[in-house]
Each structure stands twice: as structure tokens, then as C-alpha cells.
Amino acid sequence: MKIITSPKEMQAYVKRARTDGKTVGLVPTMGAFHEGHLSLMRRARAENDIVVTSIFVNPTQFGPKEDYNAYPRDLENDSKMAEKIGVDVIFAPSVKDMYPQGYATFVNVERITEKMCGASRPGHFRGVATVVTKLFNIIPAHKAYFGQKDAQQCVVIKRMSEDLNFDIDIVILPTVRENDGLAMSSRNKYLSDEERRSALVLFKSLSMAKELIRSGELNSEKIRQKMLDIINAEPLARVDYISIVDAETLEDLNEIKDNTLIALAVFIGKTRLIDNIIIDQINPLK
Ligand code: PAF
């Protein structure tokens with residue numbers, strides 16, 4: 001497995017691979033790998049001749065009071081894990097490589113970035129859209145893989161990719177969970193044992209929402225209120241948002257319908273966690 005840090009060298013590598021008729025799969029990450037990342041790499045491995053995983057903790061998607069400095073970084077361990085899966089190249093540029101002196105260009109996806117995580121983290125999706133655009137230009141892959149856990153990010157990247165005519169298939173894979181249901185996240189590393197137990201409240205509230213819908217409750221506000229009650233009963237948890245929206249447009253829904261996204265962000269102590277489910281088919285008899 002190669003580790004490339006220079007954007008120019010990376011671009012030349014992918015250009016050569018494509019000229020040789022190879023298909024290329026890209027897994028963009030910020031490192032600190034867990035099973036969620038590995039599931040994306042495995043799928044990319046199965047579907048492409050060449051797999052590139054980028055590891056870059058992108059400063060432009062963190063707010064000034066967020067965890068950019070504390071974000072876990074472990075290139076050595078990440079490389080070992082990626083190599084076992086058969087990743088061909090890790091692209092690990094420095095901040096200077098990606099944002100050299102005088103850097104002035106940003107990508108702004110409008111409207112769908114203004115709510116949910118975008119409302120609590122102003123500028124976050126501008127940073128994500130910018131770095132993903134750069135990655136798509138440096139690594140013009142055939143397919144790029146993202147996890148459903150970051151539901152709004154997936155919608156934003158799909159929108160951006162379509163709007164900017166990127167010729168890259170965006171593949172979204174399901175959230176990978178711990179045995180007890182907690183969605184895997186690099187930020188779970190921040191949790192104390194007690195917080196780790198409290199963090200289960202995200203999955204519990206989503207599971208309860210699913211049960212309510214199964215039993216015929218389709219009123220979004222009632223479901224939202226029941227989710228709030230569960231989370232508010234957990235002393236270490238503080239709700240940032242609970243949104244019930246169309247999974248493609250992110251428009252608020254008063255009534256649950258097919259393809260509804262129920263997404264939430266909750267602070268567990270100081271750690272902000274997100275999770276979501278998609279109700280793809282309402283079938284109360286199931
Ligand atoms: O999901 C992530 O890890 C990041 O937001 C991404 C897509 C790699 C952009 O920095």
C-alpha cells in the first residue's frame with residue numbers, strides 16, 4: 001500500500017490508473033478508523049480495481065470552538081487497518097498541501113446546509129463541500145463512498161456532485177453500530193464509561209420512533225415529543241436537534257411518509273453525537 005501526501009502526485013497516480021483502464025473507488029475520511037470506515041473500504045475494494053482512502057482532518061469544517069485540535073489522529077494504525085482490507089493508496093495531505101498560503105476558494109451548497117447540523121455548526125458544510133470538491137478533483141474516482149450516519153452530509157454531497165457535474169457515483173452505505181446499537185463514530189472515543197452508557201439514548205429514541213410508526217403513529221410532532229421525553233430523562237444528555245424531514249430534500253414533514261429521515265444530534269457531556277434512521281416504507285402491519 002502506498003501513502004501519498006502530495007496532491008499533484010495523487011492526481012497523476014489516478015490519471016495513470018484511469019488511462020490504464022482501471023476503475024477507481026475513493027473513500028474520503030478524517031481517519032481514526034472504526035468498523036464504519038472499514039465497511040466503506042471493503043465495499044470499495046469489492047467494486048473497483050484501485051481503492052484510494054483519503055485521511056485528512058479538514059480544518060475548514062470545524063468551528064472555532066470545536067474539536068479540531070482534539071480530533072483523534074493515528075495514521076500508523078489507520079494505515080495498518082486499511083492495508084489489511086487491501087486499500088491501494090492512502091492519500092494523507094498536510095493542511096498546507098490542501099490550503100496553501102493565499103487559498104481563497106470555497107464551495108457553498110445553499111438551503112439544505114442551513115438547518116439541522118448546519119444550523120448548529122455554521123460553516124461546517126461549506127468546509128465539507130470545499131474539501132470534498134478538492135478531493136474529487138485530486139482523485140477523480142468512478143465511485144466515492146460515504147456513511148449514512150452523516151445523513152445530511154450525504155444529501156449535501158449528492159446535491160453538490162450533481163450541481164457541479166462531477167462524474168462520480170456517490171455510494172451511501174448503512175450506519176454500522178456497536179452490539180448495543182450505538183452508531184460507530186470517531187467521536188465515541190471522547191466518551192467516559194458513564195457517558196458511553198448515556199449515549200445509547202440516541203439509538204433508544206430512534207428505535208422508539210420506529211416502533212411508534214410501526215404501530216400507526218404518523219404525526220411528526222408527537223413522535224418528536226416522545227423522543228425528546230426519552231432523551232431529556234437522561235441526565236448527561238442535551239438535545240441539539242431532532243428533525244423529521246424528507247430524506248432527499250430535507251424539507252420538514254408534519255406527517256411521516258415513505259423515505260422520511262429522522263435525524264438527531266445530542267450532546268452527551270461535551271461530546272456532540274449524531275444518528276438517524278430512514279423510514280423507507282410505512283407498513284404498520286409489519
Ligand atoms: O465524513 C467525514 O469524515 C468528513 O466530513 C469528510 C467527508 C471526509 C470530509 O472531510
Side-chain angles (χ1 to χ4, degrees), residues 4-5 7 10 25-41 43-44 51-63 66-75 77-78 81-82 87 89-95 97-99 103 105-109 112-113 116-118 120-141 143-161 164 166 168-176 183-190 263 265 271-276:
I4 296 180
T5 57
M10 188 69 247
L26 166 65
V27 182
T29 80
M30 298 206 299
F33 292 161
H34 50 68
E35 228 2 86
H37 298 111
L38 303 187
S39 73
L40 304 180
M41 291 178 219
R43 175 67 82 89
V51 177
V52 181
T53 295
S54 64
I55 299 182
F56 179 63
V57 184
N58 172 36
T60 64
Q61 69 187 73
F62 289 80
E66 293 183 355
D67 56 341
Y68 173 67
N69 288 323
Y71 199 85
R73 291 160 171 89
D74 192 347
L75 183 58
N77 195 42
D78 285 349
M81 290 164 101
V87 167
V89 183
I90 287 201
F91 175 55
S94 69
V95 173
D97 288 326
M98 292 296 269
Y99 301 109
Y103 187 90
T105 305
F106 290 87
V107 177
N108 193 30
V109 179
I112 51 173
T113 54
M116 301 160 69
C117 288
S120 337
R121 304 184 66 191
H124 169 66
F125 287 116
R126 175 183 185 257
V128 170
T130 300
V131 82
V132 172
T133 296
K134 286 174 70 66
L135 289 169
F136 283 2
N137 284 323
I138 296 167
I139 306 156
K143 294 184 179 187
Y145 298 80
F146 298 88
Q148 176 58 34
K149 203 209 71 178
D150 299 302
Q152 189 175 10
Q153 170 171 284
C154 292
V155 173
V156 170
I157 289 171
K158 275 195 196 158
R159 178 77 267 155
M160 178 197 86
S161 196
L164 298 183
F166 281 113
I168 300 183
D169 274 355
I170 307 298
V171 183
I172 311 294
L173 295 184
T175 303
V176 179
M184 293 211 184
S185 161
S186 305
R187 290 193 167 95
N188 292 348
K189 289 197 167 86
Y190 299 150
T271 305
R272 184 176 175 280
L273 299 177
I274 56 173
D275 200 352
N276 68 84

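Whatever order the structure lists ligands and atoms in, that order sets their numbers, starting from 1. The shown structure was predicted, so the numbers you read here are calculated from the model rather than taken from an experiment. Counting from 1, the numbers follow the sequence of the chain as shown.
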Side-chain donor or acceptor of [X] paired with backbone N/O of [Y] under 3.5 Å:
X	Y	answer
Asn108	Arg126	no
Thr29	Ser54	yes
Thr175	Lys149	yes

Problem - Atoms in ligand 1 flagged as close to Val131, the criterion being non-hydrogen separation under 4.0 Å - result: 9 (C), 10 (O)
Exercise for the section: Heavy-atom contacts with Thr29 under 4.0 Å: which atoms of ligand 1 show up? List them by number with element. Expected result: 8 (C)
Exercise for the section: Taking atom types as modelled, find out whether Tyr99 and Asn58 have a side-chain donor-acceptor pair closer than 3.5 angstrom. Expected result: yes
Fill in the blank from the handout: min-distance protein heavy atom vs atom 5 (O) of ligand 1 -> Gln153 OE1, 2.7 Å
Practice task
Could you find the nearest protein heavy atom to atom 10 (O) of ligand 1 and give me its residue, atom name and distance?
Solution key: Gln61 OE1, 2.6 Å
